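For reference, the structure discussed in these notes is given below.
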Protein chains: 2
Amino acid sequence: MTEDLEEAIEVLQQLGMKEYEARCFVGLCRLESGTAKRLSETTEVPRTRVYDAIRVLEAQGLVEIQHTSPQRFRAVPLDEATETLRHQYEDRVERLRDTLETIDVTEEEGTPVQEVWSMSGQEGIENRTDQLLGEATEEIVLVIGDESLLTDRLIATLNSADPGVELVVGALTESLETQIQSAVPDATTFVSGLEWLHGEDIDEETAIGRLVLVDRSKILVSTIVPDSHVEQAIFGEGFGNGLVVIARRLMSQGLIPARDPGS
Amino acid sequence: MTEDLEEAIEVLQQLGMKEYEARCFVGLCRLESGTAKRLSETTEVPRTRVYDAIRVLEAQGLVEIQHTSPQRFRAVPLDEATETLRHQYEDRVERLRDTLETIDVTEEEGTPVQEVWSMSGQEGIENRTDQLLGEATEEIVLVIGDESLLTDRLIATLNSADPGVELVVGALTESLETQIQSAVPDATTFVSGLEWLHGEDIDEETAIGRLVLVDRSKILVSTIVPDSHVEQAIFGEGFGNGLVVIARRLMSQGLIPARDPGS
DNA sequence: GGCTAGTGTAACTCGGTTAATCACAAAAAC
DNA sequence: GTTTTTGTGATTAACCGAGTTACACTAGCC
């Protein structure tokens with residue numbers, strides 16, 4: 001109950017509100033309409049500061065004020081509120097894109113050949129995976145180590161791949177393989193021989209997340225830290241890249257059963 | 001040039017980044033790849049703090065790290081970045097919606113009959129206008145006082161109104177009326193007799209924004225503060241509402257040429 | 001090896017913002 | 001006319017982020 005309220009307050013703060021503003025807004029959402037006194041009682045916000053908070057919310061179109069005495073406040077309907085917030089952020093992201101688009105690349109500096117990059121965060125890694133798969137022209141080898149990574153988005157991307165691209169998808173478990181087989185009928189599926197990447201052998205705290213190999217020249221490997229559930233990835237590009245070389249070697253040993261390039 | 005950069009930095013901060021994070025990200029966007037030293041030079045961020053900022057960005061999937069010595073950083077492609085940010089906010093708004101949906105209304109307390117609410121902010125007022133227009137069952141009277149308010153969204157809403165609803169749209173100028181006439185063919189348009197609401201007569205600092213009257217029982221009037229360009233609105237509901245009564249009186253005096261209810 | 005410049009971490013200071021409290025005038029309620 | 005409630009403004013305290021410094025460590029270079 002109350003924890004739901006706290007949850008909402010927290011999210012609102014992530015969206016940029018101050019604590020008092022968030023508390024007041026949530027308070028109003030369950031009050032239909034109220035005075036500063038009442039709000040103060042239900043939200044733990046000092047009465048004298050309710051007014052400031054409300055004014056800010058009003059300026060954003062999230063709260064309405066009735067200028068009587070005492071003043072009454074009420075929250076805009078939830079649909080309107082979410083719509084307003086959404087717009088606000090759409091606009092900002094759009095503005096960002098526009099300005100950054102015009103200045104991109106002011107560049108120089110030679111880059112080393114052996115590039116291995118790392119990134120974390122499920123969101124970003126999924127984006128990158130998506131992009132990689134879209135770039136494939138010949139072959140996609142994909143191993144999925146955690147059920148949670150088989151998202152609708154991933155499935156959609158796989159199914160929209162160029163039919164000329166060889167699709168090989170592995171899973172760590174049979175049940176996952178079955179799921180994949182039915183979700184992506186064009187794919188050749190298998191149960192990975194990569195169990196050694198999982199659990200005690202290497203690092204008891206780390207589980208394989210995904211392994212993406214595109215056209216044998218770009219690779220992304222991610223792991224998932226079990227308790228924090230944080231996904232971390234490393235990413236390499238280029239035929240001569242060390243990481244990529246290792247991946248090819250794995251294939252040649254049959255751990256990743258990829259097709260012959262000539263086929 | 002540099003002001004574009006500042007713009008981008010500002011927007012990123014509005015999206016929740018700290019100053020250093022924003023500066024570093026923008027710096028990387030025009031650098032293809034760089035070390036802490038170089039970043040520090042181009043972004044004015046103290047070198048020793050670049051690392052912290054980058055780590056945060058990396059955790060969000062906006063930056064990649066090459067763990068060499070010295071480390072190299074690079075920004076994710078712009079498309080990926082905006083996609084990530086967008087998702088982040090979609091998720092938050094969605095979570096907010098979900099939690100608030102479950103707790104809405106914990107209510108009591110009688111509300112006075114004469115309700116007049118006020119709100120500000122173009123965004124929120126536009127949402128409210130939209131909703132009001134959607135609720136119409138008989139008649140919509142709309143007066144638009146500023147060209148900037150004739151948005152695509154408003155036009156779309158007007159055109160999607162139930163054909164049984166009488167649509168009367170006024171404008172403060174003839175040129176605006178012409179625009180409306182062509183954008184919303186079903187509407188009866190006119191040039192408003194409300195010039196007295198504009199300029200010196202009432203308040204030299206205030207210009208009429210929009211006037212929305214739905215089914216003769218709900219009204220919204222907004223004004224635009226000329227220099228700050230802030231829109232403020234008052235909003236009343238109920239047939240007996242004082243504000244609504246005034247609006248009806250205006251109509252009866254021919255200032256708002258509405259049709260006879262029986263027609 | 002030993003030296004120097006450069007790299008990465010961690011601690012600390014300072015300043016501004018925000019949460020929280022208080023004082024007070026104006027307005028309602030009784 | 002007295003007392004409570006209401007709204008504004010100022011003040012204090014706690015916190016967080018910007019900016020700085022100290023230092024251990026690495027990598028190249030005599």
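A, B, ... follow the sequence lines: proteins, then strands. Residue 1 opens every chain. As a basis for the values below, the full set of heavy atoms in this structure was taken, side chains included, without hydrogen atoms, waters or symmetry mates. Nothing here was measured: the structure is a model prediction, and the numbers come from that model.
- A salt bridge between B:Arg210 and B:Glu231 is present, with a side-chain N of the basic residue lying under 4.0 Å from a carboxylate O of the acidic one.
- D:dT5 atom P lies 17 Å from atom CG of A:Leu39, rounded to whole Å.
- Legend: residues meeting side-chain contact (heavy atoms from CB on, under 4.5 Å) with A:Pro70, ordered by chain and number and at least two apart, are A:Thr35.
- Rounded to a whole Å, the CG atom of B:Asp52 is 16 Å from the P atom of D:dC16.
- Residue B:Glu41 contributes atom CD, which lies 10 Å from atom P of C:dG6 at whole-angstrom precision.
- Using a cut-off of 4.0 Å between Lys/Arg side-chain N and Asp/Glu carboxylate O, A:Lys218 and A:Glu135 are scored as salt-bridged.
- The distance from atom CZ of B:Arg38 to atom P of C:dT7 is 12 Å, rounded to the nearest whole Å.
- Not counting sequence neighbours, B:Asp146 has no partner by the salt bridge (charged side-chain N to carboxylate O under 4.0 Å, His left out) test.
- Atom CD of B:Gln66 is separated from atom P of C:dG8 by 11 Å (rounded to the nearest Å).
- A heavy atom closer than 4.0 Å to some atom of DNA chain C occurs in no member of residues 54-61 of chain A.
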Strictly under 4.0 angstrom, non-hydrogen atoms only: write out the protein contact profile of nucleotides 12-20 of chain C, one letter per nucleotide from the 5' end, B, S or -.
------SBB
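- By the salt bridge (charged side-chain N to carboxylate O under 4.0 Å, His left out) test, B:Glu41 pairs with B:Lys37, sequence neighbours left out.
- Sorted by first and then second residue, the pairs that involve residues 48-57 of chain A and meet salt bridge (Lys or Arg N to Asp or Glu O under 4.0 Å), not counting sequence neighbours, are A:Arg49-A:Asp52.
- Applying the ring-ring contact (aromatic ring centres under 6.0 Å, His included) test to pairs two or more places apart or on separate chains, none has a residue in residues 19-68 of chain B.
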Counting primed atoms, P, OP1 and OP2 as sugar-phosphate and everything else as base, the B/S/- map of nucleotides 22-30 of chain D against protein heavy atoms under 4.0 Å is B----S---
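- Partners of A:Glu7 under the side chain to side chain donor-acceptor pair (under 3.5 Å) rule, at least two apart in sequence or in another chain, are B:Arg95.
- Not counting sequence neighbours, the partners of B:Gln60 by the side-chain contact (heavy atoms from CB on, under 4.5 Å) test are B:Val56, B:Leu62, B:Gln88.
- For the pair B:Tyr51 OH and C:dG8 P, the computed distance is 4 Å after rounding to whole Å.
- Partners of B:Glu19 under the side-chain contact (heavy atoms from CB on, under 4.5 Å) rule, at least two apart in sequence or in another chain, are B:Gln13, B:Arg23.
- Residues satisfying the side-chain contact (heavy atoms from CB on, under 4.5 Å) test with A:Glu90, not counting sequence neighbours, are B:Arg86, B:Glu90.
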